[in-house]
Undergrad: 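Could you have a look at this structure, given as structure tokens, before my questions?
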Amino acid sequence: MDGSPAKQNGLSSLTNGHAPNGNASSERIQIIDDEKKFTTDLTTQIQRWGLRDAGFNYDIVAVFGSQSTGKSTLLNRLFGTTFDVMDETQRQQTTKGIWMCRGQDMNVMVMDVEGTDGRERGEDQDFERKSALFSLASSEVLIVNLWEHQVGLYQGANMGLLKTVFEVNLGLFGKKSQDGTSGRTLLLFVIRDHIGTTPLANLQATLTADMHRIWESLSKPDEFKDRQLSDYFDLSFTALPHKVLAADKFEAEVRRLRNRFVDKENPEYLFKPAYHKRIPADGIPFYMENIWEQVQTNKDLDLPTQQELLAQFRCDEISAGALAEFNEQAKPQKRPIEAGKVVEGLGGMMRSWRKVALDRYDRDASRYHQGVYKRKRSDLIAALDTTLSPLFLGQLKNLHKSCLVAFKQEILNGLKGDDYSFADVVNAARTRCEKRFVEGATEAVVDDETEEGKAHWSWEEELSLLKEEVGSVADQCRKDETKKMVNQIERNFKKSITEPVELALHKAAPDMWDSILKAFKETLDKAEATYLSKARSFNCTEEENTTAIASLRKRAWQALRAKIDEQTADAVILGKLRGHFEERFRYDEHGVPRVWRPEDDIDGAFKKAKDQTLELIPLYSKITPQDPSLSYALPEDAIASSTDSSDLVEEFDFEASLTVFSETKSLDLTNKFRRDADAYYVEAKRSTVSSVAQIPFWIYVVLVVLGWNEFMMVLFNPLYFMFLLIFGAGAYLTIQLGLAGPLLQIGTTMAAEVQRQATNRLREHFSEPIAAQTARAQSTASATGDRDEDYEEQELRKKRQASPM
């Protein structure tokens, strides 16, 4: 109801049992009006609802909560009642007094109680207390309707009102519960507009703790000193999403909650027999009227004194003014805090705002009733801290992020270059980070002398979280630096191992693998020593060092194998085999190129060179050192252990890595080399075909006898004799200077080249006539074949002409 004239005019008809839709089961009645008068028509209305003869087969439920929290709407959705609901365009009171209606298709009497904390009644809390106590004492289930943001508030969640109601309820009706004539009451907390940020379990824990705290603070009669909350009340909790923003979810949860009121087979069924008041349905009017009379006459629910009323009014007014000024001062700092910035001097500003507000309140409110003054001062402090606490927590959060970012940047800056100690860089950055946070957090604390206040402004937990994140960042940086260091060591290892491997594999020898493995072991030892020397400054654990060393050994072995594979590729290894064969076949033992003559043993030299070269393929095919001690240079155990590391995906087969060539590849290389060697052999054979025959010695005697006159002419001719002397002097100088050998070598080489060129020319010359004759023979055969075909064709034509027609 919204209090409009039309609705007020219709109250009498509703009270008389006439519902707007004419359905008697949905008619509602105002059992207690806003003048605190109990209706006389409840008996008639129960009869109209058809519940007069229900006996104990009925239930009573009531709703309790602040005004305009949707209590009537909730009851209509749950029980199909027809209570008036608030016009959402006008935030004003709808339900006045206490109304009752029967649930649709169920034996349930539903009470809609006027909301608390309404502006229409203002400071008049008398009806709030009495209506709350009445609904608590007369119903089986009391629905406490409140918003999610009211959880944890004292006044917003009506905890102060509940405390008063509990005290009076215990005094008035506690004996009935104790002797068993009346059952317990279920308090069902319905949390509205639950967005899910705070889990329902946390909200439930807060409300449960508040209820137990209220119960412990009650002024109980002596006979009830040891009674517990559970002796009189059971607590249940549920949450409903936002009615407008999450309409579908809201309707679904309402249906689920309705099922808890309807389905007796539901494990969460709410109308349990323990909560029933054991009053027959026809006695309900007298029972409720009696309860209301007791509530009305109880002095504990009377309004406070005029002095307290004045103090409450003035203290609230003064507190509101101080709080408004405080909020204006704090408002400009909310935006930068929410934007993630660290506000310099925030703690000083918050302490100043708080002190100004309390000083203003103390100056103006301390002359009023001291009990009210102190109580309202505590409320003001709670309101101030409610505003300051998000600023303080936001400052801590932003300071946390800022210090963490600065820590990361300091580490990155400190790790630039080569000359640094990782541990020193991290420790210095960590110290500065924690110091910066402690200074900022200490400055942001608002002074509070109470233990509860000190705990409220505590920042130690945030510091511990920062230390954990700093440790995580440092560990990650250490891992990254370790990987970078291992990668750098690996690159240096590859550079160092390249030349020894190339030299050893270029000139194959039985101890080839020994020299390679010696170089590998020396280089690997240097790499491991480099890692261990740098790892000390990284504060690496023994386990991390073991893992890193194993990984380094594996990667070093793989780098060695990659270099070996590069030097033993098909083209490269065939070139090495050809070079080795040529050194032994085309050059003598002094390294002088051989000029093959017909009497030379070409076959023996070829077979010897080829056999020696083929012996290299098994040598290249597998890494097998001759020195057994070098087997320890192979990091088999370390490689095997490193295969369990998380960064290695495929299992590493060390034994397989010792094989350079498979048997198939070795056979293929052997065949390819044989073809190349055969070409060299054929070439050597062809070079001896055109060799000049040996000249007989008697020819030289004939030349001397026949050339005697010419020799004497040279001796006695001055010009010829001069040339002879010059030639002799040149020969003498050549011999004295040791140039005879080189000149002889040059002459021999020139003669061999001239001989080779002449041989090739002669071969080309003599091969041309043979080719020409072959071509002419083929041409002649072709022509003869053509003539034979022409002859056969002519003979056939003649036969055709001679035959008779």
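Everything quoted here is computed from the prediction, not taken from an experiment.
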Undergrad: With a cut-off of 3.5 Å and sequence neighbours excluded, list every side-chain donor-acceptor pair involving residues 722-744.
TA:
unit_1	atom_1	unit_2	atom_2	d
Thr734	OG1	Gly730	O	2.8

Undergrad: Drop me the distance from Leu524's CG to Leu560's CG, to the nearest 0.5 angstrom.
TA: 10.0 Å
Undergrad: So for atom CZ, which belongs to Arg761, do other residues, nucleotides or ligands contribute more than 12 heavy atoms lying within a distance under 6.0 Å?
TA: no
Undergrad: Could you grab the distance from atom CZ of Arg675 to atom OG1 of Thr670, nearest 0.5 Å is fine?
TA: 10.5 Å
Undergrad: Under the salt bridge (charged side-chain N to carboxylate O under 4.0 Å, His left out) definition, can you give me all pairs with a residue in residues 486-501, not counting sequence neighbours?
TA: Glu490-Lys494, Glu490-Arg555
Undergrad: Is Glu410 salt-bridged to Arg436, cutoff N-O under 4.0 Å?
TA: yes
Undergrad: Got Trp513 and Ile564 here, is their nearest side-chain heavy-atom distance under 4.5 Å?
TA: yes
Undergrad: How long is the gap from CZ on Arg674 to CG on Asp678, to the nearest 0.5 Å?
TA: 8.5 Å
Undergrad: Heavy atoms only: give me the nearest Lys467-Glu434 pair and the separation to one decimal.
TA: CG-OE2, 3.5 Å
Undergrad: For the pair Cys433 and Leu404, evaluate side-chain contact (heavy atoms from CB on, under 4.5 Å) and give the outcome as yes or no after the intermediate values.
TA: CA-CA 7 Å; Cys433 175; Leu404 192 61; 5.8 Å; no
Undergrad: Would you mind reporting whether Glu468 and Leu465 have side-chain heavy atoms less than 4.5 Å apart?
TA: yes
Undergrad: Run Phe407 and Leu466 through side-chain contact (heavy atoms from CB on, under 4.5 Å) and show every step you take.
TA: CA-CA 11 Å; Phe407 173 76; Leu466 176 62; over 6 Å; no
Undergrad: Which is it for Gln745 and Thr749 under the side-chain contact (heavy atoms from CB on, under 4.5 Å) test, yes or no, and what are the steps along the way?
TA: CA-CA 6 Å; Gln745 183 67 31; Thr749 302; 3.6 Å; yes
Undergrad: Inspect the surroundings of CD in Glu461 and state if more than 12 heavy atoms from other residues, nucleotides or ligands are less than 6.0 Å away.
TA: no
Undergrad: CG of Asn760 to CD of Gln755: how many Å apart, nearest 0.5 Å?
TA: 10.5 Å
Undergrad: Could you tell me whether Asp514 and Lys518 make a salt bridge, using a distance below 4.0 angstrom between a side-chain N and a carboxylate O?
TA: no
Undergrad: Determine whether Lys610 and Phe606 make a side-chain contact, defined as any pair of heavy atoms from C-beta on separated by less than 4.5 Å.
TA: yes
Undergrad: What's the shortest heavy-atom distance between Leu399 and Ala441, and which atoms?
TA: CD2-N, 3.4 Å
Undergrad: Should Lys672 and Asp668 be marked as a salt bridge (charged side-chain N to carboxylate O under 4.0 Å, His left out) after you check the CA-CA gap, both sets of side-chain angles, and the distance that decides it?
TA: CA-CA 6 Å; Lys672 290 181 179 179; Asp668 182 61; 3.4 Å; yes
Undergrad: Begin from the C-alpha positions of Gln409 and Val405 and carry the test side-chain contact (heavy atoms from CB on, under 4.5 Å) through to its verdict.
TA: CA-CA 6 Å; Gln409 189 60 43; Val405 171; 5.5 Å; no
Undergrad: Heavy-atom count around Gln757 CD within 6.0 Å, excluding the residue itself: above 12?
TA: yes
Undergrad: State which residue, out of Lys563, Met512, Glu566, fulfils the side-chain contact (heavy atoms from CB on, under 4.5 Å) condition with Val501.
TA: Lys563
Undergrad: Rounded to the nearest 0.5 Å, how far does NZ of Lys608 lie from CG of Asp603?
TA: 14.5 Å
Undergrad: Say you draw a straight line from OG1 of Thr431 to CG of Asn427; how long is it, rounded to the nearest 0.5 Å?
TA: 6.5 Å
Undergrad: With sequence neighbours excluded, give me every side-chain hydrogen bond (donor to acceptor under 3.5 Å, both in side chains) pair touching residues 396-406.
TA: His400-Glu462, His400-Glu469
Undergrad: Looking at Lys607 and Asp611, is any side-chain nitrogen of the basic one under 4.0 Å from a carboxylate oxygen of the acidic one?
TA: yes
Undergrad: Quick one: closest heavy-atom pair of Phe493 and Ala556, and the distance?
TA: CE2-O, 3.3 Å
